[in-house]
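Just so it is clear, the structure is predicted and the values come from calculations on it, not from any experiment. Each ligand, and each atom within it, is numbered from 1 in the order the structure gives. Numbers for residues simply follow the sequence, beginning at 1.
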Amino acid sequence: MRWSKEHIISIKDFSREEIDFVLRKSAEMEKKLNSGRAFSLMQGKILANLFFEPSTRTRMSFETAMKRLGGKTTGFPFSEISSEAKGETIADTIRVVEGYADVVVIRHPVEGSARMASEYVSIPLINGGDGANQHPTQTLLDLYTIKKEFGKIDGLDITIVGDLKYGRTVHSLTNAIVNYDVGLNFISPQELRMPRHIIKDLEENRIPVKETSKMELGDSDVIYATRIQKERFPDMQEFERVRGAYVIDMETTKNLKKSAIIMHPLPRVGEIAPEVDSTKFARYFEQSRNGIPVRMALLCLVMGVNF
Ligand code: CP
């Protein structure tokens with residue numbers, strides 16, 4: 001397959017063939033990384049990380065990915081030290097950055113901001129998360145983790161539990177999963193159900209989906225837990241009502257399939273008890289590490305670098 005994407009904005013822009021291609025290229029990249037053969041692919045190139053919202057994993061793993069490829073990085077980790085604090089628009093910031101870097105990753109709290117920013121640049125732009133909307137590179141590393149574990153995605157029973165209303169990682173993941181033959185279970189408080197337009201999309205693609213507020217995980221191959229997104233709630237009283245709604249602890253793990261895995265995009269704030277970390281089910285730290293080969297592969301693909 002030939003790569004044809006200038007930017008990575010939304011996982012909805014990817015066909016199944018394109019997702020599978022990224023997963024294959026990420027596996028190739030992981031081999032190259034482990035054998036020390038990736039270190040000069042991006043020599044002389046600069047990545048700009050523009051983070052208008054907090055991040056540990058996305059920002060640092062893109063930075064590490066670029067450095068592991070032999071490139072360099074610039075940018076800012078939060079908006080207060082950028083000229084947005086003086087009133088500069090994203091459109092102006094991005095046109096300036098185009099003159100400083102070869103590829104840009106942007107995270108911004110406003111939905112649609114990455115798409116809008118991409119209209120002002122001719123260098124590749126990657127969405128590192130836009131509000132509650134999309135987090136496409138997280139989805140690709142999530143799918144990579146699942147594929148690595150089970151050797152497939154089709155045929156699995158996947159449960160997503162937590163804040164399904166505001167969580168961009170679960171929106172992106174669900175958008176991608178419509179391309180596969182899986183069973184989906186959504187567990188959330190009533191107030192935090194998956195947006196109806198995403199459910200409609202699943203129904204149109206004939207993906208069986210079960211929605212409930214009860215934590216039933218016994219049939220699941222993949223349990224994908226997610227944080228209640230406090231920062232997106234317009235009303236803190238509403239947040240307090242749902243805070244701590246679901247906690248995966250040692251008791252929970254007793255009822256899981258022996259081969260099940262627990263994933264989480266992180267950060268976690270109480271959704272998974274620390275004791276679970278040392279069980280055979282935990283995959284969230286490995287998932288986070290998988291961000292490196294996946295983002296190395298994506299940087300090369302958007303930059304047209306062969307590997
Ligand atoms: N998973 C994820 O996007 O983490 P960060 O917010 O730390 O980047």
Side-chain angles (χ1 to χ4, degrees), residues 8-11 22 26 47-68 73 75-82 103-114 117 125-146 148 158 160-177 222-233 239 246 248 261-272 274 276-277 282-299:
I8 299 173
I9 306 294
S10 168
I11 203 71
V22 171
S26 300
L47 161 71
N49 257 336
L50 311 186
F51 277 68
F52 295 88
E53 257 195 350
S55 168
T56 296
R57 279 145 291 273
T58 311
R59 186 176 61 80
M60 289 185 66
S61 64
F62 265 115
E63 193 169 327
T64 302
M66 192 61 176
K67 289 177 175 168
R68 292 265 189 245
T73 62
F76 47 83
F78 47 93
S79 61
E80 287 79 0
I81 60 161
S82 77
V103 54
V104 57
V105 177
I106 183 168
R107 169 173 286 189
H108 198 281
V110 175
E111 292 184 24
S113 51
L125 182 143
I126 300 174
N127 182 5
D130 61 322
N133 186 32
Q134 281 281 314
H135 197 349
T137 66
Q138 176 71 43
T139 296
L140 291 164
L141 75 88
D142 292 342
L143 295 177
Y144 184 67
T145 304
I146 295 171
K148 225 172 137 176
I158 300 177
I160 306 182
V161 51
D163 180 351
L164 310 187
K165 179 178 180 182
Y166 295 116
R168 59 186 164 214
T169 63
V170 298
H171 297 162
S172 279
L173 182 59
T174 308
N175 291 150
I177 280 175
V222 176
I223 295 117
Y224 192 100
T226 188
R227 178 177 67 91
I228 308 281
Q229 313 279 308
K230 182 180 180 185
E231 67 277 22
R232 312 244 182 259
F233 279 69
F239 168 72
Y246 302 104
I248 296 173
I261 61 167
I262 301 171
M263 297 174 64
H264 193 305
L266 304 177
R268 66 173 155 180
V269 283
E271 302 82 42
I272 304 174
V276 177
D277 300 356
R283 287 296 180 286
Y284 24 97
F285 292 115
E286 189 180 325
Q287 178 186 356
S288 169
R289 274 195 298 277
N290 286 335
I292 301 295
V294 173
R295 288 177 170 134
M296 287 172 75
L298 289 171
L299 284 170

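Atom 4 (O) of ligand 1 has as its closest protein heavy atom Arg57 NE, 3.0 Å. Of the protein's heavy atoms, Arg107 NH1, 2.9 Å lies nearest to atom 6 (O) of ligand 1.
Results of the side chain to side chain contact (heavy atoms under 4.5 Å, CB included) test with Phe52 over Ser113, Pro77, Ser82 single out Ser82 as the only residue that passes. If you run side chain to side chain contact (heavy atoms under 4.5 Å, CB included) between Thr169 and each of Ile160, Thr226, Thr139, Thr174, only Thr226 comes through.
Of all the atoms in ligand 1, the ones that sit under 4.0 Å from a non-hydrogen atom of Thr56 are 5 (P), 7 (O), 8 (O). Atoms of ligand 1 found under 4.0 Å from any heavy atom of Pro265 (numbered from 1 in listed order, with element): 1 (N). Near Leu266, meaning under 4.0 Å from any of its heavy atoms, are these atoms of ligand 1: 1 (N), 2 (C), 4 (O).
Under 4.0 Å from ligand 1, not a single heavy atom of Thr169 appears.
Taking 4.0 Å as the cut-off, Glu53 does not count as a neighbour of ligand 1 on heavy-atom distance.
The shortest N/O to N/O separation between Gln138 and ligand 1 falls below 3.5 Å.
Side chains of Asp142 and Gln138: a donor-acceptor N/O pair is present below 3.5 angstrom, by distance only. For the residue pair His135 / Arg107, a side-chain donor-acceptor distance below 3.5 Å is found, with atom types taken as modelled.
Residue-environment remark: CZ (Arg68) stays at or below the threshold of 12 foreign heavy atoms within 6.0 Å.
Under 4.0 Å is where a charged nitrogen must lie from a carboxylate oxygen, and between Arg232 and Glu53 at least one such pair does.
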